[in-house]
Amino acid sequence: MDWGRRTRVRVRLGGGALALAVLATGCWGGGDTDGTGGPSASPETSGQPTPSGDPGPGPTVDTFLDFVPDPDRQPKNRAQALRIARKVVAKPADWGAGYVKGSDYKSGPGRSSELDEDCVWEQRPLPDSQFVAVVRRSELPAKGDAGPLRVTAVVTVHRTEESARWEMARTLEEPLRCPDQRLNTTERITGLRSGGDLSPDPSGTGDYLQETGRIHSDLPGSPHPYIWDVARMGVVTFAVSVKGGTGHEEQELQSTSSKVIGYMSARVELETGVRK
């Protein structure tokens with residue numbers, strides 16, 4: 001592969017162990033590819049956080065792939081990592097007008113969710129390769145004929161970029177291993193598909209992936225669309241999930257997810273990137 005020029009490598013997944021290996025090593029081979037069998041994984045416009053929280057533009061792929069970390073601003077211990085995670089993670093106002101804290105608003109920073117062999121998500125202690133993982137859950141309450149939108153933001157600060165790359169590799173592989181997943185006692189996801197835009201360089205500093213599927217829950221009209229966006233910038237991985245509800249079109253979910261992942265990417269750059 002010619003590492004001399006930066007190119008976007010877009011993936012639409014079709015092989016399990018191979019997907020895990022190639023993302024971890026960065027050895028995709030060839031140049032740009034553009035599959036059509038997976039979800040639309042790339043927000044199309046660039047944006048920064050706005051005080052209003054109104055739906056707005058999200059990041060371009062280059063936001064992640066062109067990120068330049070500042071070695072002097074990387075977290076050296078858990079306290080520094082926790083400060084960064086709390087600054088980056090999205091709060092209710094970031095999602096938009098009307099959003100409130102979810103009933104289980106906070107979790108972390110010493111535990112994280114992992115997908116077990118039975119395709120069930122469970123809480124486990126953080127691995128040694130991670131400093132902290134911070135989770136914030138918010139909700140747009142039901143109003144009139146529209147059901148609620150339940151959203152989550154997650155920020156994990158790793159000790160090394162290698163650890164962060166492996167988290168992205170696992171994320172890429174999980175829908176292949178488990179296209180149907182159990183979130184908790186009342187929610188499960190079916191038909192998960194994954195795709196994204198990855199750095200072509202094995203030492204690249206950024207990646208972006210998206211999963212889409214259907215979420216089955218106790219809400220009226222279930223199942224509804226489900227979106228999970230996850231990105232990496234240096235040692236920080238961050239993600240948002242949007243669980244659909246009655247009266248909310250999938251495009252609304254996409255724009256909401258894109259907007260908030262954009263806000264968080266801007267904060268990662270402000271906290272850990274080279275000052276411009």
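Keep in mind it's a predicted model, so treat the numbers as computed, not measured.
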For E161 and Q74, does a side-chain donor sit closer than 3.5 Å to a side-chain acceptor? no
Tightest non-hydrogen contact, residues E139 and P148, listed as OE2-CB, 3.8 Å
Sole candidate of P69, P75, S163 that passes side chain to side chain contact (heavy atoms under 4.5 Å, CB included) when paired with V235: P75
Mark yes or no for whether T246, through its side chain, and P220, through its backbone, hold a donor-acceptor pair below 3.5 Å. yes
Residue pair R78 / P109, side-chain heavy-atom distance below 4.5 Å: yes
Quick check: are there more than 12 heavy atoms from other residues, nucleotides or ligands sitting under 6.0 Å from CD of E162? no
Using salt bridge (Lys or Arg N to Asp or Glu O under 4.0 Å) as the criterion, list what pairs up with R177, not counting sequence neighbours. E173
Criterion side-chain contact (heavy atoms from CB on, under 4.5 Å) on F67 and V236, from CA distance to verdict: CA-CA 11 Å; F67 171 68; V236 182; over 6 Å; no
Identify the two heavy atoms, one from P223 and one from R214, that lie closest to each other, and give their separation to 0.1 Å. O-NH2, 3.1 Å
Consider side chain to side chain contact (heavy atoms under 4.5 Å, CB included). Of T212, V154, L209, which one does W228 pass it with? V154
Atom pair CG (D128) and CZ (R159), whose distance is rounded to the nearest 0.5 Å: 7.0 Å
Counting C-beta onward and ignoring hydrogens, is there a side-chain heavy-atom pair between T156 and S112 closer than 4.5 Å? no
Would E211 and I189 satisfy side-chain contact (heavy atoms from CB on, under 4.5 Å), going step by step from the backbone distance to the final call? CA-CA 11 Å; E211 297 177 7; I189 306 168; over 6 Å; no
Can you check whether D104's main-chain N or O pairs, donor with acceptor, with K106's side chain at less than 3.5 Å? no
Donor-acceptor under 3.5 Å (R73 side chain, E271 main chain): yes
K143 atom NZ, neighbour heavy-atom count above 12 within 6.0 Å: no
For the pair S258 (side chain) and S255 (backbone), establish whether a donor and an acceptor sit closer than 3.5 Å, ignoring hydrogens and angles. no
Measure the OH-OG distance between Y99 and S138 for me, rounded to the nearest 0.5 Å. 9.0 Å
Between H224 and K243 (side chain of the first, backbone of the second, donor and acceptor by atom type, cut-off under 3.5 Å), is there such a pair? no
Hydrophobic cluster membership, with links at side-chain heavy-atom distances under 4.5 Å among I/L/V/M/F/W/Y: are L126 and V134 in one? no
Do the non-hydrogen side-chain atoms of V89 and K91 ever get within less than 4.5 Å of each other? yes
Looking at side-chain heavy atoms only, is the closest gap between L172 and S194 below 4.5 Å? yes
N/O donor-acceptor pair under 3.5 Å between D229 side chain and S241 backbone: no
Residue pair V132, Q130: steps toward the side-chain contact (heavy atoms from CB on, under 4.5 Å) verdict: CA-CA 6 Å; V132 294; Q130 299 175 9; over 6 Å; no
For residues L82 and F131, determine if any side-chain heavy atom of one lies less than 4.5 Å from a side-chain heavy atom of the other. no
So, for D180 and G191, which heavy atoms are closest and what is the spacing to 0.1 Å? OD1-N, 3.0 Å
Where do W95 and V240 come nearest, in terms of heavy atoms and distance? CH2-CB, 3.7 Å
Nearest 0.5 Å please: distance from the CG atom of D66 over to the CE atom of M233. 10.0 Å
Check whether more than 12 heavy atoms from other residues, nucleotides or ligands sit under 6.0 Å from atom CG of N77, and answer yes or no. yes
Main-chain N/O of V268 paired with T272 side-chain donor or acceptor, under 3.5 Å: yes
Side chain of R137, backbone of S103: donor and acceptor closer than 3.5 Å? no
Give a yes or no on whether the backbone of D218 and the side-chain of S222 come within a donor-acceptor separation of less than 3.5 Å. no
E174/R170 salt bridge by N-O under 4.0 Å criterion: no
Within the side chain of D116, is there an N or O that forms a donor-acceptor pair under 3.5 Å with the backbone of D118? yes
Set out, in order, the CA-CA distance, both residues' side-chain angles and the distance that settles salt bridge (Lys or Arg N to Asp or Glu O under 4.0 Å) for D94 and R136, then state yes or no. CA-CA 11 Å; D94 295 319; R136 299 290 184 265; over 6 Å; no
Can you tell me how far the CD1 atom of I215 sits from the CG atom of L183, to the nearest 0.5 Å? 5.0 Å
Which atoms form the tightest heavy-atom contact between A239 and M264, and what is the distance? O-CE, 4.1 Å
Do L219 and L149 sit in the same hydrophobic cluster, where Ile, Leu, Val, Met, Phe, Trp and Tyr count as joined when their side-chain heavy atoms come under 4.5 Å apart? no
Distance alone, cut at 3.5 Å: any donor-acceptor contact between the side chains of Q123 and S113? yes
side-chain contact (heavy atoms from CB on, under 4.5 Å) partners for A164, two or more places apart: H158, R232, T237
Any T152 side-chain heavy atom under 4.5 Å of V135 side chain: yes
All heavy atoms of L140 vs all of A97, minimum pair found to be CD1-O, 3.7 Å
Inter-residue atom distance W166.CH2 - T171.OG1, 0.5 Å rounding: 12.5 Å
Hey, could you give me the CD/CD distance between E187 and Q181, rounded to the nearest 0.5 Å? 12.5 Å
Can V68 and T205 be said to form a side-chain contact (heavy atoms from CB on, under 4.5 Å), step by step? CA-CA 7 Å; V68 180; T205 57; 6.0 Å; no
